[in-house]
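Reading through the structure tokens given below for one structure.
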Amino acid sequence: QVQLVESGGGLVQAGGSLRLSCAASGSAFRLYAMGWYRQAPGKQRELVAGITTGRSTNYADSVKGRFTISRENAENTVYLQMNSLNFEDTAVYYCAAKLYGSSWLPDGMNYWGKGTLVTVSS
């Protein structure tokens with residue numbers, strides 16, 4: 001079973017930056033597609049950014065040009081660099097992993113971390 005632990009969330013002023021990290025257990029990290037998702041109060045969980053085993057990436061339109069997802073397989077870690085943050089980015093951010101499937105919908109992910117809260121002040 002894969003365990004995922006997020007870190008790096010916190011309070012940040014609008015226009016600022018944060019870098020989230022997701023540490024994964026096990027030796028098969030390089031075989032997993034990884035994604036960052038977020039959920040704000042009263043809203044559905046949504047994909048923020050995904051990265052495949054081949055390092056192909058996928059971003060929500062709302063974060064393109066501002067966020068960057070990357071992975072370091074040797075460290076069993078996936079990152080989300082978030083720049084130019086705004087109030088609408090406020091949410092709990094979750095790291096997720098899957099071994100197979102073509103969809104980035106939340107239901108397509110097999111493993112989830114507990115989340116890290118990002119709060120952007122105006």
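Note that the structure is a prediction, hence the values are computed from the model and not measured.
Side-chain atoms of Asn83 and Gln81 include a donor-acceptor pair closer than 3.5 Å.
Taken together through direct or relayed side-chain contacts under 4.5 Å among Ile, Leu, Val, Met, Phe, Trp and Tyr, Leu80 and Val92 form parts of separate hydrophobic clusters. No path of Ile, Leu, Val, Met, Phe, Trp and Tyr side chains, each step under 4.5 Å between heavy atoms, connects Leu11 with Leu117, placing them in separate hydrophobic clusters. Both Trp112 and Leu47 sit in one connected hydrophobic cluster of ILVMFWY residues. Membership requires side-chain heavy atoms under 4.5 Å apart, directly or through other members.
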Leu18 and Val118: CA distance, side-chain angles, deciding distance, side chain to side chain contact (heavy atoms under 4.5 Å, CB included) verdict = CA-CA 9 Å; Leu18 283 175; Val118 172; 3.8 Å; yes

Please walk me through it: do Trp104 and Tyr37 pass ring pair (Phe, Tyr, Trp, His ring centres under 6.0 Å)?
-> CA-CA 10 Å; Trp104 285 111; Tyr37 297 75; 7.2 Å; no

Test side chain to side chain contact (heavy atoms under 4.5 Å, CB included) on Tyr32 and Asn110 and set out the steps.
-> CA-CA 10 Å; Tyr32 287 82; Asn110 303 126; 5.7 Å; no

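Put simply, the side chain of Thr90 never gets that close to the backbone of Thr119: no donor and acceptor are under 3.5 Å apart. Of the possible donor and acceptor atoms, one in the side chain of Glu6 sits under 3.5 Å from a partner among the backbone N and O of Gly115. At distances below 3.5 Å, not a single donor-acceptor pair connects side-chain atoms of Glu46 with backbone N or O atoms of Gln39. With Asn58 contributing its side chain and Gly50 its backbone, the two residues share no donor-acceptor pair below 3.5 Å. Under a 3.5 Å cut-off, the side chain of Arg66 and the backbone N or O of Ser84 do form a donor-acceptor pair. Judged purely by atom type and a 3.5 angstrom limit, Ser56 has no side-chain atom pairing as donor or acceptor with the backbone of Gly54. In terms of modelled atom types and a separation under 3.5 Å, the side chain of Lys98 and the main chain of Ser103 share a donor-acceptor contact.
For the atom pair OG (Ser122) and CG (Asn86), the distance works out to 11.0 Å, reported to the nearest 0.5 Å. Distance check: Ile69 CD1 to Arg55 CZ gives 11.5 Å after rounding to the nearest 0.5 Å. A distance of 12.0 Å separates CE of Met34 from OG1 of Thr53, quoted to the nearest 0.5 Å. Interatomic distance, CD of Gln3 versus SG of Cys95, reported as 12.5 Å (0.5 Å rounding). Ile51 contributes atom CD1, which lies 7.0 Å from atom OH of Tyr59 (distance to the nearest 0.5 angstrom). Note that the CZ atom of Phe29 and the SG atom of Cys22 stand 7.0 Å from one another [nearest 0.5 Å].
Evaluation of the side chain to side chain contact (heavy atoms under 4.5 Å, CB included) rule for Lys43 yields Ala40 as partners, not counting sequence neighbours.
At least one side-chain heavy atom of Val78 sits less than 4.5 Å from a side-chain heavy atom of Trp36. For the pair Phe87 and Ser121, the minimum side-chain heavy-atom distance is 4.5 Å or more. Looking only at side-chain heavy atoms (C-beta outward), Phe67 and Val48 come within less than 4.5 Å of each other.
The minimum heavy-atom distance between Gly9 and Leu20, with the atom names listed, is N-CD2, 3.6 Å.
Figure legend: Arg71 and Tyr79 shown without cation-pi pairing, the cationic atom not lying both under 6.0 angstrom from the six-membered ring centre and within 45 degrees of its axis. Judged by a 6.0 Å distance limit and a 45° cone about the ring axis, Arg38 is not positioned over the six-membered ring of Tyr94.
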